[in-house]
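Take a look at the structure below.
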Amino acid sequence: VRSSWGGTKILRWSGPDAIAQCPQTSKPHGRGLPSDLFSNMIYPLMRLRFSAIVWMHGASDTGKVDAYLGPNYYACALPAMIRDWRPKFAQGNLPFVVVELPAYCNERDWATFHTFCDQPQSILSDREYHLPAMRMAQAAAEKLPEVYMVTTMDLGSMHPMGGSIHSDRKEELGKRVALAAQAAVYNDKSVIWEAPRANRASMEGARHVRVEFVLREGERLVLNTSKKCPREILGIYCTGAGFEVRCPSGWVPAISAALVGTSVIITAPTNVTTIDRVRYAYADWPVCSLRSVESGLPARIFDLHIGDAVERKPEGIREQIGPYKFTIPVSERNVERLEDQVRDPDGFEG
């Protein structure tokens with residue numbers, strides 16, 4: 001079942017109960033009404049039972065921190081929407097396969113629907129990181145059980161689909177989503193669907209940072225230190241930095257990176273004396289130099305505080321469901337049809 005509408009914000013796919021979980025200080029702006037697509041394109045499907053949901057979304061919410069917009073809001077809104085949909089579908093462990101935003105050249109945030117990677121110049125006067133921040137915000141949904149994050153930040157293409165931001169590498173995207181579904185729906189433990197994930201960052205000496213990765217048993221990493229930006233892409237979109245460290249003066253590229261087992265040792269410039277964070281692939285069009293040998297998948301984007309470890313969600317946890325009471329905003333012409341969807345014997349009230 002496909003229920004989709006291009007160029008829409010998550011606010012429209014979120015029910016009132018989900019929106020209430022992420023309160024904002026001002027009213028939303030832009031096309032459409034809050035919860036209108038949830039009411040008309042999701043709620044009528046709730047009598048069906050699904051094996052999984054594939055959520056491919058986020059470009060229309062990309063931008064600076066603002067009410068109902070940007071990475072801070074999305075990091076709250078996506079988990080809230082998932083928590084809200086599951087019990088209303090009466091499937092507390094309904095898997096969600098979340099597709100990461102691919103590489104493109106984000107020139108005008110949520111209004112960018114065409115890519116401008118190889119133009120003579122950009123309208124941007126300085127680098128901004130709204131798009132990589134949104135990839136990090138998408139990953140916030142992984143704190144919930146049964147969420148499968150499919151990395152696609154390496155699947156950029158120069159002028160796909162008439163210049164739109166969507167990559168034309170759909171076959172590879174489909175394979176990655178299918179592998180995640182194979183693990184999520186069929187509980188296939190043998191499939192490698194998940195990209196390498198950074199787990200911890202720690203100092204080794206004054207200028208060296210060790211980043212440890214979580215891998216499957218027997219899985220190996222490969223680091224291509226000669227990987228560079230495509231020649232055609234402006235440097236404001238592809239910064240050329242793979243690994244970066246943060247010092248008091250700001251973010252600076254590491255001068256070298258070396259693979260040691262399941263860790264990467266990053267060396268900071270000689271003038272850097274204090275490091276508090278390390279990040280990787282933080283650009284609209286990232287340089288993905290680190291991959292899994294077995295799957296070929298690029299390592300996930302990360303931004304880690306030195307000394308902190310990323311908590312892994314416990315496996316095998318299922319969310320409990322019902323009874324729930326919820327409200328649906330509907331137009332008069334839909335009231336009669338939507339009333340048919342309510343199943344009072346199962347603990348639903350509409």
Side-chain angles (χ1 to χ4, degrees), residues 4-14 30 53-66 68-79 81-82 96-117 124 127-142 147-161 163-177 180 193-195 197-198 229-230 233 236-239 242 279-288 297-303:
S4 60
W5 192 308
T8 53
K9 299 184 184 301
I10 195 171
L11 184 71
R12 300 178 64 185
W13 297 101
S14 302
I53 301 288
V54 176
W55 179 252
M56 187 172 178
H57 183 271
S60 293
D61 284 288
T62 299
K64 63 183 181 180
V65 174
D66 201 356
Y68 299 99
L69 182 70
N72 289 3
Y73 178 69
Y74 205 84
C76 177
L78 179 55
M81 188 197 77
I82 295 172
F96 270 73
V97 178
V98 179
V99 180
E100 183 182 57
L101 287 168
Y104 65 90
C105 298
N106 186 40
E107 192 168 46
R108 293 189 299 134
D109 289 332
W110 61 268
T112 298
F113 296 109
H114 289 76
T115 188
F116 307 95
C117 303
L124 299 178
R127 295 170 180 166
E128 49 95 318
Y129 298 100
H130 299 162
L131 182 52
M134 273 296 288
R135 295 184 184 120
M136 296 286 295
Q138 289 177 302
E142 291 181 293
V147 172
Y148 298 77
M149 187 78 190
V150 176
T151 187
T152 65
M153 65 178 180
D154 62 324
L155 297 186
S157 45
M158 291 300 296
H159 295 289
M161 299 172 59
S164 78
I165 63 175
H166 296 289
S167 169
D168 59 6
R169 297 170 65 183
K170 292 293 190 291
E171 183 176 357
E172 177 60 27
L173 170 60
K175 287 178 180 177
R176 294 184 188 184
V177 171
W193 67 272
E194 190 174 15
R197 178 199 303 267
C229 294
I233 297 181
I236 205 164
Y237 303 123
C238 185
T239 64
R279 70 185 184 186
Y280 168 73
Y282 222 83
D284 289 356
W285 194 294
V287 174
C288 300
L297 292 171
R300 292 272 300 276
I301 183 175
F302 66 79
D303 180 354

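Atom set for the values below is all heavy atoms of this structure, side chains included, hydrogens, waters and symmetry mates excluded.
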How would you list, by chain and number, every residue that makes a side chain to side chain contact (heavy atoms under 4.5 Å, CB included) with Arg12, sequence neighbours excluded? Thr8, Asp36, Leu37
Taking the side chain as every heavy atom from C-beta outward, state whether Tyr73 and Lys9 have any pair of such atoms under 4.5 Å apart. no
Shortest non-hydrogen separation from Ala141 to Pro79 and the atoms involved: CA-CG, 3.9 Å
Rounded at 0.5 Å granularity, tell me how far CZ in Arg169 sits from CD in Glu171. 11.0 Å
Does a side-chain heavy-atom distance below 4.5 Å link Tyr237 with Asn106? no
Looking only at the SG atoms, are Cys117 and Cys238 under 2.5 Å from each other? no
What pairs with Trp110 under ring-ring contact (aromatic ring centres under 6.0 Å, His included), at least two apart in sequence or on another chain? none
Report the residues that fulfil side chain to side chain donor-acceptor pair (under 3.5 Å) with Asp154, sequence neighbours left out, ordered by chain and then residue number. Arg176, Arg291
Side-chain contact, heavy-atom cut-off 4.5 Å: Arg197 with Glu142? yes
Quick test of your reading: applying salt bridge (charged side-chain N to carboxylate O under 4.0 Å, His left out), list the pairs with at least one residue in residues 130-139, sequence neighbours left out, ordered by first then second residue. none
Measuring from atom CG of Asp284 to atom OH of Tyr129, what distance do you get when rounded to the nearest 0.5 angstrom? 9.5 Å
Could you tell me which residues satisfy side chain to side chain donor-acceptor pair (under 3.5 Å) with Thr151, sequence neighbours excluded, listed by chain and number? Glu100
Taking atom CD of Gln138 and atom CE of Met134, what is their separation to the nearest 0.5 Å? 5.5 Å
Mind listing the closest non-hydrogen atom pair of Pro286 and Ala103 along with its distance? CD-CB, 4.0 Å
Quick one: side chain to side chain contact (heavy atoms under 4.5 Å, CB included) partners of Ala59, sequence neighbours excluded? Leu101, Tyr104, Ile165
So, taking the atom named NE2 in His130 and the one named CZ in Arg108, what distance separates them when rounded to the nearest 0.5 Å? 14.5 Å
Please name all residues satisfying disulfide bond (SG atoms under 2.5 Å apart) with Cys288, sequence neighbours left out, ordered by chain then number. none
Any side-chain heavy atom of Ile10 within less than 4.5 Å of one from Trp55? yes
Considering non-hydrogen atoms only, spot the tightest contact between Tyr282 and Met136 and give its length. CE1-CG, 4.0 Å
Over all heavy atoms of both residues, which pair between Pro71 and Ala133 is shortest? Give the atoms and the distance, please. CB-O, 3.6 Å
Could you name each residue pair satisfying side chain to side chain donor-acceptor pair (under 3.5 Å) that touches residues 57-66, not counting sequence neighbours? His57-Tyr74
Go through the structure and list residues passing side chain to side chain donor-acceptor pair (under 3.5 Å) with Trp285, not counting sequence neighbours. none
Using the test side chain to side chain contact (heavy atoms under 4.5 Å, CB included), find all partners of Val99 that sit at least two apart in sequence or belong to another chain. Val54, Met56, Thr152, Leu173, Val177
Can you list everything that forms a ring-ring contact (aromatic ring centres under 6.0 Å, His included) with Phe96? Sequence neighbours excluded, please. Trp85
Calculate, to the nearest 0.5 Å, the distance between atoms CD and CG belonging to Glu107 and Asp109 respectively. 10.5 Å
Nearest heavy-atom neighbours spanning Val287 and Cys229: CG2-SG, 3.8 Å
Minimum heavy-atom distance Pro102-Leu131, with the two atoms named: O-CD2, 4.3 Å
